[in-house]
Amino acid sequence: MQIPDPALVVLVGAAGSGKSTWAAANYRPTEVVSSDALRAVVGSGSADLDASNDAFEVLDLLVTGRTRRGLTVVVDTLGLDAERRAGWAALARKAGLPLVAVVVDTPAATCRARNAGRDRPVPASVLGAQLQRMRDIRRELETEGWEVHVVSGEASAAASAPTSSPG
Ligand code: ATP
Ligand code: MG
(Lines give C-alpha, C1' and ligand atoms only; values in the text may rest on other atoms or scores of the structure.)
(Ligands and ions follow the chains in the order given, each with its own letter.)
Protein backbone atom coordinates (compact mmCIF):
# COMPACT_ATOMS: atom_id res chain seq x y z
CA MET A 1 0.00 0.00 0.00
CA GLN A 2 1.40 3.37 -1.07
CA ILE A 3 1.69 6.20 1.41
CA PRO A 4 -0.50 9.10 0.29
CA ASP A 5 1.16 12.40 -0.57
CA PRO A 6 0.60 15.04 0.58
CA ALA A 7 -0.01 13.73 4.09
CA LEU A 8 0.83 14.20 7.71
CA VAL A 9 3.25 11.35 8.39
CA VAL A 10 4.08 10.57 12.01
CA LEU A 11 6.95 8.16 12.57
CA VAL A 12 6.58 5.71 15.43
CA GLY A 13 9.40 3.57 16.76
CA ALA A 14 11.81 2.99 19.62
CA ALA A 15 15.20 4.69 19.76
CA GLY A 16 17.49 3.21 17.14
CA SER A 17 14.67 1.54 15.20
CA GLY A 18 15.59 3.50 12.07
CA LYS A 19 13.02 6.33 11.91
CA SER A 20 15.40 9.10 10.82
CA THR A 21 17.11 6.80 8.32
CA TRP A 22 13.77 5.85 6.76
CA ALA A 23 12.66 9.50 6.62
CA ALA A 24 15.90 10.57 4.94
CA ALA A 25 15.56 7.81 2.35
CA ASN A 26 11.99 8.66 1.46
CA TYR A 27 11.45 12.41 1.90
CA ARG A 28 13.13 15.73 1.22
CA PRO A 29 14.97 17.24 4.20
CA THR A 30 12.52 20.17 4.26
CA GLU A 31 9.59 17.76 4.66
CA VAL A 32 10.98 16.24 7.85
CA VAL A 33 10.68 17.89 11.25
CA SER A 34 12.79 16.20 13.92
CA SER A 35 12.66 16.76 17.66
CA ASP A 36 16.33 15.72 17.91
CA ALA A 37 17.41 18.21 15.27
CA LEU A 38 15.33 20.98 16.88
CA ARG A 39 16.79 20.24 20.33
CA ALA A 40 20.18 20.94 18.75
CA VAL A 41 18.80 24.17 17.26
CA VAL A 42 17.24 25.59 20.43
CA GLY A 43 19.51 23.77 22.91
CA SER A 44 23.08 22.58 23.22
CA GLY A 45 22.63 19.41 21.19
CA SER A 46 20.20 16.71 20.05
CA ALA A 47 20.38 15.04 23.48
CA ASP A 48 19.74 18.27 25.44
CA LEU A 49 16.53 17.11 27.13
CA ASP A 50 16.16 20.45 28.92
CA ALA A 51 15.49 21.89 25.46
CA SER A 52 12.63 19.46 24.74
CA ASN A 53 9.75 21.83 25.50
CA ASP A 54 11.16 24.56 23.29
CA ALA A 55 12.02 22.04 20.56
CA PHE A 56 8.47 20.67 20.51
CA GLU A 57 7.05 24.19 20.44
CA VAL A 58 9.06 24.90 17.28
CA LEU A 59 8.15 21.48 15.86
CA ASP A 60 4.44 22.15 16.40
CA LEU A 61 4.79 25.52 14.67
CA LEU A 62 6.40 23.82 11.65
CA VAL A 63 3.67 21.16 11.52
CA THR A 64 1.05 23.91 11.75
CA GLY A 65 2.58 25.92 8.90
CA ARG A 66 3.05 22.99 6.54
CA THR A 67 -0.31 21.33 7.14
CA ARG A 68 -2.08 24.69 6.72
CA ARG A 69 -0.50 24.91 3.26
CA GLY A 70 -1.45 21.34 2.42
CA LEU A 71 2.20 20.28 2.37
CA THR A 72 3.55 16.93 3.45
CA VAL A 73 5.21 16.96 6.84
CA VAL A 74 7.01 14.01 8.40
CA VAL A 75 7.19 14.17 12.18
CA ASP A 76 10.38 12.46 13.35
CA THR A 77 9.95 11.90 17.08
CA LEU A 78 9.46 8.66 19.03
CA GLY A 79 5.76 9.05 18.18
CA LEU A 80 4.77 7.27 21.39
CA ASP A 81 3.01 10.21 23.08
CA ALA A 82 -0.74 9.98 22.41
CA GLU A 83 -1.37 13.56 23.46
CA ARG A 84 1.15 14.96 21.00
CA ARG A 85 -0.22 12.70 18.25
CA ALA A 86 -3.73 14.02 18.91
CA GLY A 87 -2.51 17.59 18.48
CA TRP A 88 -0.85 16.84 15.12
CA ALA A 89 -3.90 14.82 13.99
CA ALA A 90 -6.17 17.79 14.69
CA LEU A 91 -3.97 20.02 12.50
CA ALA A 92 -4.03 17.50 9.65
CA ARG A 93 -7.79 17.01 9.88
CA LYS A 94 -8.30 20.77 9.76
CA ALA A 95 -6.22 20.87 6.58
CA GLY A 96 -7.90 17.83 5.04
CA LEU A 97 -4.63 15.87 4.97
CA PRO A 98 -4.54 12.09 5.51
CA LEU A 99 -3.27 10.94 8.91
CA VAL A 100 -0.48 8.45 8.30
CA ALA A 101 1.46 6.65 11.01
CA VAL A 102 4.62 4.88 9.85
CA VAL A 103 5.52 2.25 12.40
CA VAL A 104 9.19 1.37 12.13
CA ASP A 105 9.15 -2.23 13.19
CA THR A 106 12.62 -3.40 14.14
CA PRO A 107 13.44 -6.37 16.39
CA ALA A 108 14.09 -5.36 19.99
CA ALA A 109 17.53 -7.00 19.89
CA THR A 110 18.51 -4.87 16.89
CA CYS A 111 17.40 -1.66 18.63
CA ARG A 112 19.34 -2.65 21.76
CA ALA A 113 22.47 -3.49 19.79
CA ARG A 114 22.31 -0.24 17.82
CA ASN A 115 21.67 1.73 21.01
CA ALA A 116 24.66 0.14 22.75
CA GLY A 117 26.90 1.18 19.88
CA ARG A 118 25.86 4.83 19.97
CA ASP A 119 27.75 7.80 21.38
CA ARG A 120 24.96 8.68 23.79
CA PRO A 121 22.96 5.51 24.38
CA VAL A 122 19.47 5.78 25.86
CA PRO A 123 19.46 4.05 29.29
CA ALA A 124 18.53 0.37 28.87
CA SER A 125 15.43 0.79 31.07
CA VAL A 126 14.20 3.69 28.93
CA LEU A 127 14.66 1.73 25.72
CA GLY A 128 12.97 -1.26 27.35
CA ALA A 129 9.92 0.86 28.16
CA GLN A 130 9.78 2.16 24.58
CA LEU A 131 9.97 -1.39 23.18
CA GLN A 132 7.20 -2.44 25.55
CA ARG A 133 5.03 0.44 24.31
CA MET A 134 5.57 -0.72 20.71
CA ARG A 135 3.73 -3.99 21.36
CA ASP A 136 0.23 -2.51 21.33
CA ILE A 137 0.94 0.61 19.33
CA ARG A 138 -0.62 -0.52 16.07
CA ARG A 139 -4.05 -1.09 17.58
CA GLU A 140 -3.75 2.17 19.51
CA LEU A 141 -2.96 4.11 16.33
CA GLU A 142 -5.81 2.51 14.40
CA THR A 143 -8.23 3.34 17.20
CA GLU A 144 -7.10 6.97 17.00
CA GLY A 145 -7.88 7.03 13.27
CA TRP A 146 -4.39 6.77 11.77
CA GLU A 147 -3.74 4.95 8.51
CA VAL A 148 -0.97 2.66 9.72
CA HIS A 149 1.95 1.61 7.51
CA VAL A 150 4.50 -0.78 8.96
CA VAL A 151 8.02 -0.57 7.54
CA SER A 152 11.11 -2.54 8.45
CA GLY A 153 14.00 -0.70 10.04
CA GLU A 154 16.34 -3.45 8.88
CA ALA A 155 15.50 -3.81 5.21
CA SER A 156 16.75 -1.31 2.67
CA ALA A 157 15.21 1.90 3.96
CA ALA A 158 14.10 2.85 0.47
CA ALA A 159 12.05 -0.33 0.06
CA SER A 160 8.78 1.24 1.14
CA ALA A 161 8.87 4.59 -0.57
CA PRO A 162 5.76 6.77 -0.55
CA THR A 163 4.10 7.89 -3.78
CA SER A 164 6.24 11.03 -4.05
CA SER A 165 9.85 10.56 -4.99
CA PRO A 166 12.46 11.90 -2.61
CA GLY A 167 14.25 14.97 -3.83
P1 ATP B 1 16.30 7.83 17.48
O2 ATP B 1 14.95 7.55 18.05
O3 ATP B 1 17.36 7.72 18.51
O4 ATP B 1 16.35 9.11 16.72
P5 ATP B 1 16.05 6.41 14.96
O6 ATP B 1 14.83 5.56 15.07
O7 ATP B 1 15.92 7.69 14.24
O8 ATP B 1 16.63 6.64 16.43
P9 ATP B 1 18.24 5.94 13.18
O10 ATP B 1 19.09 7.02 13.70
O11 ATP B 1 17.58 6.14 11.86
O12 ATP B 1 17.16 5.51 14.28
O13 ATP B 1 19.06 4.58 13.05
C14 ATP B 1 19.80 4.08 14.16
C15 ATP B 1 20.99 3.30 13.63
O16 ATP B 1 20.53 2.18 12.86
C17 ATP B 1 21.88 4.11 12.69
O18 ATP B 1 23.21 3.76 12.96
C19 ATP B 1 21.49 3.64 11.31
O20 ATP B 1 22.55 3.70 10.42
C21 ATP B 1 21.03 2.22 11.54
N22 ATP B 1 19.94 1.88 10.62
C23 ATP B 1 18.76 2.52 10.53
N24 ATP B 1 17.97 1.99 9.59
C25 ATP B 1 18.67 0.97 9.05
C26 ATP B 1 18.40 0.01 8.01
N27 ATP B 1 17.25 0.00 7.34
N28 ATP B 1 19.34 -0.90 7.73
C29 ATP B 1 20.50 -0.92 8.42
N30 ATP B 1 20.83 -0.05 9.41
C31 ATP B 1 19.94 0.89 9.72
MG1 MG C 1 16.13 9.67 14.84
Side-chain angles (χ1 to χ4, degrees), residues 1-3 7-63 66 72-85 87-88 99-138 140-141 146 148-167:
M1 193 155 95
Q2 294 273 18
I3 294 175
L8 165 71
V9 180
V10 170
L11 304 180
V12 181
S17 57
K19 300 179 296 296
S20 302
T21 301
W22 184 88
N26 290 290
Y27 290 91
R28 298 181 192 90
T30 49
E31 291 176 315
V32 181
V33 296
S34 150
S35 51
D36 279 348
L38 291 172
R39 266 194 285 266
V41 171
V42 300
S44 61
S46 60
D48 184 356
L49 296 183
D50 289 339
S52 276
N53 286 346
D54 284 347
F56 274 97
E57 214 171 298
V58 178
L59 186 146
D60 288 349
L61 186 65
L62 298 173
V63 176
R66 290 191 65 87
T72 287
V73 58
V74 180
V75 181
D76 182 6
T77 70
L78 287 174
L80 294 172
D81 186 321
E83 212 171 305
R84 289 197 199 285
R85 286 199 305 265
W88 301 323
L99 276 58
V100 175
V102 169
V103 173
V104 182
D105 188 28
T106 303
T110 303
C111 293
R112 288 201 193 90
R114 287 177 181 168
N115 183 54
R118 280 177 143 182
D119 278 350
R120 290 171 167 275
V122 172
S125 60
V126 172
L127 180 57
Q130 292 171 7
L131 292 166
Q132 181 89 25
R133 290 272 291 107
M134 288 302 291
R135 292 184 186 178
D136 296 323
I137 199 71
R138 195 174 170 163
E140 203 178 313
L141 291 164
W146 297 88
V148 178
H149 292 252
V150 180
V151 302
S152 167
E154 287 193 308
S156 163
S160 34
T163 47
S164 76
S165 57

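Throughout, numbering of the chain's residues begins at 1 and tracks the sequence. Predicted, not measured: the structure shown is a model, and the values here were computed from it. Note that ligands are numbered from 1 as they come in the structure, with each ligand's atoms numbered from 1 the same way. Computed over heavy atoms, backbone and side chain alike; hydrogens, waters and symmetry mates excluded.
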- Message: Run V12 and M134 through side-chain contact (heavy atoms from CB on, under 4.5 Å) and show every step you take.
- Response: CA-CA 8 Å; V12 181; M134 288 302 291; 4.1 Å; yes
- How far apart are the C-alpha atoms of L38 and L62, what are their side-chain angles, what is the distance that settles it, and do they pass the side-chain contact (heavy atoms from CB on, under 4.5 Å) test? CA-CA 11 Å; L38 291 172; L62 298 173; 4.1 Å; yes
- Task: Go through the steps to decide whether T77 and R84 satisfy the test side-chain contact (heavy atoms from CB on, under 4.5 Å), and finish with yes or no.
- Result: CA-CA 10 Å; T77 70; R84 289 197 199 285; 6.0 Å; no
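Residue contacts to the Mg ion (ligand 2): S20 brings an N, O or S atom closer than 2.8 Å.
Those atoms of ligand 1 with a heavy atom of D36 less than 4.0 angstrom away are 4 (O). Distances below 4.0 Å separate heavy atoms of T21 from the following atoms of ligand 1: 9 (P), 11 (O), 13 (O), 19 (C), 23 (C), 24 (N). Within the listing of ligand 1, atoms 6 (O) sit less than 4.0 angstrom from a heavy atom of A14. Contact atoms of ligand 1 toward G18: 5 (P), 6 (O), 9 (P), 11 (O), 12 (O), 13 (O), 23 (C), 24 (N) (distance under 4.0 Å to a heavy atom of the residue). Near G153, the atoms of ligand 1 lying under 4.0 angstrom from a non-hydrogen atom of the residue are 24 (N), 25 (C), 26 (C), 27 (N), 28 (N).
The closest approach between a heavy atom of G13 and any atom of ligand 1 is not below 4.0 Å. The shell of residues lying under 4.0 angstrom from ligand 1, judged by heavy atoms, excludes A24.
When each of I3, V73, D76 is tested with Y27 by the rule side chain to side chain contact (heavy atoms under 4.5 Å, CB included), just one qualifies, namely I3. Paired with W88 under the rule side chain to side chain contact (heavy atoms under 4.5 Å, CB included), one option of V63, V9, L99 passes, and it is V63.
With a 4.0 Å heavy-atom cut-off, ligand 1 is reached by the backbone of E154 but not by any atom from C-beta on. By the criterion of a heavy-atom distance under 4.0 Å, both the backbone and the side chain of K19 are placed next to ligand 1. Counting heavy atoms under 4.0 Å from ligand 1, residue A155 touches it through the backbone alone.
By the 3.5 Å distance cut-off applied to N or O atoms, G16 is counted among the residues near ligand 1. Below 3.5 Å of separation, one finds no N or O of W22 facing any N or O of ligand 1. Ligand 1 has no N or O atom lying under 3.5 Å from any N or O atom of D76, backbone or side chain.
Of the possible polar contacts, one joining the R85 side chain to the G79 backbone as a donor-acceptor pair under 3.5 Å is found. One N or O on the side chain of N115 and one on the backbone of V122 form a donor-acceptor pair closer than 3.5 Å. Using modelled atom types, no side-chain atom of S46 and backbone atom of D36 make a donor-acceptor pair closer than 3.5 Å.
Between the side chains of T72 and R66, no donor-acceptor pair is found at a separation under 3.5 Å.
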